[in-house]
Amino acid sequence: MDLLDMIKNAGVIGAGGAGFPTYAKLTSKAEYILLNGAECEPLLRVDQQLMAMFADEIIKGLEAAGRYIEADKAIMGIKGKHKEVIAHMRARISALGLANFMEVKELRDMYPAGDEQVLVHELTQRIVPEASIPLKVGCVVINAETALNIFKAMSGKPVTETYLTVAGDIPHRLTLKVPVGVPIRDVIKQSGVEDLDDYAIIDGGPMMGPLKTGVDGYVTKKSKGYVVLKKNHFLIRKKSVNLNQARVINRTACEQCRMCTDLCPRYLLGHSIQPHKMMRALSYNIQDINELQIAQLCCECNACELFSCPANLHPKSANIYFKKKLAEQGIRYQPTQKEYQTRSAREYRLIPSKRLIAKIGLTPFDQPAPMTQVEFRPETIEISLHQHIGAPAIPVVAVGEYVQKEQMIGKIPENSLGAAVHASLAGTVAEIKENSIVIRVGSYV
């Protein structure tokens, strides 16, 4: 079995973000394979700890993927502030005899250093074209946990667990290894918060993570963290504004200062995205498709909405509003540029992480979240069949069937992009829903 089949059978996807199936990323040749170790979302502490704990495995997983796509070079991007991790990774790369193929480059402590297109430029000086992917400039990007999962897949071990950080206004900040499908409520309880009535939860990083309604739901392969904050916190109030409310606010208050555009990471890379124009289009009911298409270039990093706007408005929401309108009409952005150059002011407009953390009110909670061993014993787990980009997995088990840990319970549909899913704990299939499988843990009945 070749590496691609191993990765496919193991259900490896991007460990974070949209969850793109990793085997699909490795089907084309590329000059560079890049490891995203930036972890630029405030408060999350997963990748830096994984690289310290599993350096050799991550290096070997990255090497295997790089060799498979015939890359000339593998580059790890790690923020320079993580000096011990950088030194450790460099030492292990040398000890494994890979110094001619792999190197570590230090990233600046800015947001969003982990955005794929920002990372590509920081590590290679290349600019991914508008509405395109890193492969267009000879790069494939994976993150640290994905590299670890590739290594495990090489020995036949599927993805049944994920590492995530629980952070925020809580007694105990910690990072955990969690079986996929465990109730989120069980994870949050490990932080010492029993009564969640006064709290709200952000699913993921505080910048891009959506606000959860309640604490229902289950951990997926791409879960990277939960930020728990009091309901009156600035971030919770900001993320509670829905799209229609944001549209009304934007139309009445935007003064066209263009700070949202001037600090936009993709605009600074030379792309045409200009959030202030979307704010203008809302105010003046502009219907020009050519003018509105640039909204589709927004990566929704939220820098404009949570950092740049001096009036606390919602530029990202304006982009999302027009993205949805264009999608409904079947309109896709068509790039006109062929050559890209960074804006001349880029070096002076990068967003320092510490300033961002202060701006969004998280400085008191910017503390270590050490790796903590916890054994989860849930009564049931619920494993999503659609925790990735592409088609949902098709169940290959039946209600009443006993399944072993790591057994495949959902396969990729024929001729589709997707990812297999596996049981993270042994038990009996209790229910097969439209998009998930419920397993009664440890039960033969």
Side-chain angles (χ1 to χ4, degrees), residues 14 17-18 20-21 24-34 36 69 77 110-142 208 256 258-282 284 286-305 308 315-347 349-351 389-390 417:
F20 194 81
K25 279 192 172 186
L26 304 181
T27 54
S28 301
K29 308 305 178 189
E31 187 178 348
Y32 291 103
I33 186 158
L34 308 178
N36 186 349
I69 64 172
M110 64 174 186
Y111 182 82
D115 172 70
E116 270 197 346
Q117 299 196 10
V118 172
L119 185 84
V120 166
H121 179 68
E122 290 294 302
L123 296 182
T124 70
Q125 296 302 297
R126 298 179 180 184
I127 299 176
V128 179
E130 294 174 333
S132 191
I133 57 176
L135 192 60
K136 284 291 185 181
V137 289
C139 299
V140 168
V141 182
I142 61 175
M208 296 184 71
Q256 286 291 289
R258 61 168 289 145
M259 286 292 287
C260 54
T261 292
D262 289 341
L263 293 176
C264 171
R266 294 286 178 93
Y267 173 78
L268 292 172
L269 284 176
H271 289 191
S272 300
I273 175 73
Q274 297 181 65
H276 79 282
K277 289 188 174 181
M278 298 304 99
M279 299 288 276
R280 183 193 304 163
L282 277 179
Y284 296 100
I286 295 171
Q287 301 293 327
D288 184 348
I289 295 300
N290 292 325
E291 180 84 357
L292 300 178
Q293 283 185 34
I294 57 174
Q296 295 178 318
L297 300 176
C298 175
C299 67
E300 301 181 25
C301 71
N302 235 345
C304 57
E305 200 153 299
S308 306
K316 184 200 76 173
S317 298
N319 281 329
I320 292 175
Y321 172 77
F322 286 115
K323 284 168 78 171
K324 288 185 174 181
K325 297 283 281 187
L326 293 166
E328 289 168 1
Q329 299 174 59
I331 297 169
R332 290 179 62 87
Y333 179 80
Q334 299 299 320
T336 56
Q337 289 178 257
K338 292 187 178 179
E339 300 291 332
Y340 295 86
Q341 289 187 333
T342 58
R343 309 280 175 185
S344 58
R346 182 176 187 265
E347 289 300 304
R349 291 180 178 166
L350 301 177
I351 300 174
I389 290 289
L417 176 70

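Basis for what follows: all heavy atoms, side chains included, without hydrogens, waters or symmetry-related copies.
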Residues Y340, L269; criterion side-chain contact (heavy atoms from CB on, under 4.5 Å); working and verdict: CA-CA 8 Å; Y340 295 86; L269 284 176; over 6 Å; no

Run the side-chain contact (heavy atoms from CB on, under 4.5 Å) check on S317 and E305 step by step: do they pass? CA-CA 8 Å; S317 298; E305 200 153 299; 3.4 Å; yes

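In this structure, the separation between NE2 on H271 and OH on Y333 is 8.5 Å, given to the nearest 0.5 Å. Between the CD1 atom of I289 and the CD1 atom of I331 there is a distance of 4.0 Å, given to the nearest 0.5 Å. Remark: N319 CG to M278 CE distance equals 6.5 Å, nearest 0.5 Å. Interatomic distance, H121 NE2 to T124 OG1, rounded to the nearest 0.5 Å: 8.0 Å. Note that the OH atom of Y111 and the CG atom of L350 stand 13.5 Å from one another [nearest 0.5 Å]. Atoms CD1 and CG, from I294 and L326 in turn, are 10.5 Å apart once rounded to the nearest 0.5 Å.
The side-chain contact (heavy atoms from CB on, under 4.5 Å) test applied to K324 returns L243, I320, not counting sequence neighbours. A search for side-chain contact (heavy atoms from CB on, under 4.5 Å) contacts involving C260 returns P275, H276, C304, P315, not counting sequence neighbours. Partners of K29 according to the salt bridge (charged side-chain N to carboxylate O under 4.0 Å, His left out) rule, which considers only residues two or more places apart in sequence or in another chain, are E70. Every residue two or more places apart in sequence or in another chain was checked for a salt bridge (charged side-chain N to carboxylate O under 4.0 Å, His left out) with R343, and none qualifies.
Every pair tested for salt bridge (charged side-chain N to carboxylate O under 4.0 Å, His left out) that includes a residue from residues 269-278 fails, sequence neighbours excluded, so the list is empty. Residue pairs meeting the salt bridge (charged side-chain N to carboxylate O under 4.0 Å, His left out) criterion with at least one partner in residues 115-131, sequence neighbours excluded, are K25-E116, E31-R126, R108-E122, D115-R266, E122-R346.
When all heavy atoms of L292 and A281 are compared, the pair lying nearest together is CD2-CB, 3.6 Å. In terms of heavy-atom proximity, P129 sits nearest to V137 at CD-CG1, 4.0 Å. Contact detail for F322 and A295: the closest heavy-atom pair is CB-CB, 3.9 Å. Listed here is the closest heavy atom pair of V140 and A30: CG2-CB, 3.9 Å. Across every non-hydrogen atom of P134 and V120, the tightest pair is CB-CG2, 3.9 Å. Residues M279 and Q256 approach most closely at CB-NE2, 3.9 Å, considering heavy atoms.
Around atom CD of Q125, more than 12 heavy atoms belonging to other residues, nucleotides or ligands sit under 6.0 Å away. The local environment of CD in Q329 is crowded, with over 12 non-hydrogen atoms from other residues, nucleotides or ligands closer than 6.0 Å.
The backbone N or O of T261 lies less than 3.5 Å from no partner atom in the side chain of Q274, so there is not a single donor-acceptor pair. A donor-acceptor distance shorter than 3.5 angstrom exists from the side chain of K323 to the backbone of C298, with no hydrogens or angles considered. N36 places a side-chain N or O within donor-acceptor distance of the main-chain N or O of G114, the cut-off being under 3.5 Å. Of the possible polar contacts, none joining the T342 side chain to the L268 backbone as a donor-acceptor pair under 3.5 Å is found.
The side-chain heavy atoms of Q337 and S272, taken from C-beta on, include a pair separated by under 4.5 Å. Taking the side chain as every heavy atom from C-beta outward, M110 and V118 approach each other to under 4.5 Å.
R258 and Y267 share a donor-acceptor pair across their side chains, judged by distance under 3.5 Å alone.
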